[in-house]
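When reading the values below, keep in mind they use all heavy atoms of this one structure, side chains included, and skip hydrogens, waters and symmetry mates.
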Amino acid sequence: MKKYRIDKTKNIGNVIFVVEGGRPETGGTELRLLKKIFADILGYEVQELRRGSEEFIGYGQNPNFRVFALNLPKNQLTQLTEEAMDELFCKLREEFHIKPEDCPIFYLYDRDVLSYQRNELRKKYVKKYTDPYGTESGDQGQLLLSYPAIEAYLLSCVKDNTIEMSFKLGKDAKAALAREICTADCEDKTELHLKNNQSGILERSRGNGKAAHSFY
């Protein structure tokens, strides 16, 4: 098996992630996962801005290795407008005195087959945001669409042989995850992000090495 070495001395500068998920109370799974990877494992500084909040939450201090994990006011991909981004990036300029136009930007969104009407997504945002450093037309950022990968990853942490499972929609994967982490007398199985935080799923792994398929 090929081995890889993490170079923690590599200067990445400032990198911006705008993610779909995020809850005011917990930050949501996506923000917690970014914090886990970049702050806890790599030792970078992470500045998190949760949906509905005006204050950044910082993890670590390292101005040469700094990641911004941000939420827009709403999680729909259709909210990824220039006006909304200008307002969000204005907060970065005021708080950290950085220029977002000089940073690579990534938009991370989970999408399944029924998320949007056929042309609402494909014709506008996929073609518009293609380069994290900006295109010749001035559109900056790369849109990365994934399957419901967060739920699939969490399932692989608590259940063996998830490579044999498959789900067409994100809600189906969430239902399977709820059955795994909620007890029989669980009153509310919809608040999975909070229960994930309480059970510490992101801090452990069953080690089966493969996650469930998020799509057929």
Verdict with reasoning, F96 to F56, per ring-ring contact (aromatic ring centres under 6.0 Å, His included): CA-CA 10 Å; F96 299 98; F56 286 84; 4.9 Å; yes

Residues E54, K91; criterion salt bridge (charged side-chain N to carboxylate O under 4.0 Å, His left out); working and verdict: CA-CA 8 Å; E54 295 293 328; K91 296 179 181 179; 3.4 Å; yes

Residue pair T135 / S137: nearest heavy atoms and the distance that separates them: OG1-OG, 2.9 Å

Working for side chain to side chain contact (heavy atoms under 4.5 Å, CB included), residues C103 and V15: CA-CA 6 Å; C103 306; V15 180; over 6 Å; no

Test ring-ring contact (aromatic ring centres under 6.0 Å, His included) applied to F17 and F68, step by step: CA-CA 6 Å; F17 288 92; F68 296 93; over 10 Å; no

Common cluster, Y133/V126, ILVMFWY with side-chain heavy-atom separation under 4.5 Å: no

Closest contact, heavy atoms only, M85 versus L72: SD-CD2, 3.8 Å

Point-to-point distance, once rounded to the nearest 0.5 Å, from SG of C157 to CG of L177: 9.5 Å

Approximate separation, where rounding is to 0.5 Å, of D40 CG and K35 NZ: 3.5 Å

Side-chain ion pair, K128 and E82, N-O less than 4.0 Å: yes

Sidechain-backbone polar pair: R50 side chain, L31 backbone, donor-acceptor under 3.5 Å: no

Worked verdict on I16 versus L92 for side chain to side chain contact (heavy atoms under 4.5 Å, CB included): CA-CA 10 Å; I16 299 172; L92 292 181; 3.6 Å; yes

Heavy atoms from other residues, nucleotides or ligands near CD of E87 exceed 12 (cutoff 6.0 Å): no

Closest contact, heavy atoms only, N71 versus L88: O-CD1, 3.7 Å

Nearest non-hydrogen partners of Y44 and D7, listed with the distance: OH-O, 4.4 Å

Carboxylate-amine/guanidinium proximity below 4.0 Å for R32 and E48: no

Expected output: side-chain T162 to main-chain M165 donor-acceptor under 3.5 Å: no

Donor-acceptor contact present, side-chain Q140 to main-chain P100, <3.5 Å: yes

Point-to-point distance, once rounded to the nearest 0.5 Å, from CG of L70 to OG of S53: 11.5 Å

Minimum heavy-atom distance between L80 and Y109, given as atom pair plus value: CD1-OH, 4.2 Å

CA sep, side-chain torsions, deciding dist, call: T130, L143, side chain to side chain contact (heavy atoms under 4.5 Å, CB included): CA-CA 6 Å; T130 60; L143 175 60; over 6 Å; no

SB check R93 E101 (cutoff 4.0 Å): yes

Polar side chain donor-acceptor pair, R66 to N14, under 3.5 angstrom: yes

Minimum-distance pair of heavy atoms, taken over all atoms of P132 and Q142: CD-OE1, 3.4 Å

L155 vs E180 side-chain heavy atoms within contact, under 4.5 Å: yes

Test salt bridge (charged side-chain N to carboxylate O under 4.0 Å, His left out) applied to K159 and E164, step by step: CA-CA 11 Å; K159 187 175 179 61; E164 300 175 358; over 6 Å; no

Gap between atom CG of L144 and atom OH of Y129 - 0.5 Å precision: 13.5 Å

Euclidean distance, I57 CD1 relative to L49 CG, rounded to 0.5 Å: 8.5 Å

Verdict with reasoning, V19 to F106, per side chain to side chain contact (heavy atoms under 4.5 Å, CB included): CA-CA 8 Å; V19 303; F106 298 93; over 6 Å; no

Pair Y59-F38, ring-ring contact (aromatic ring centres under 6.0 Å, His included): steps then yes or no: CA-CA 10 Å; Y59 306 94; F38 289 106; over 10 Å; no

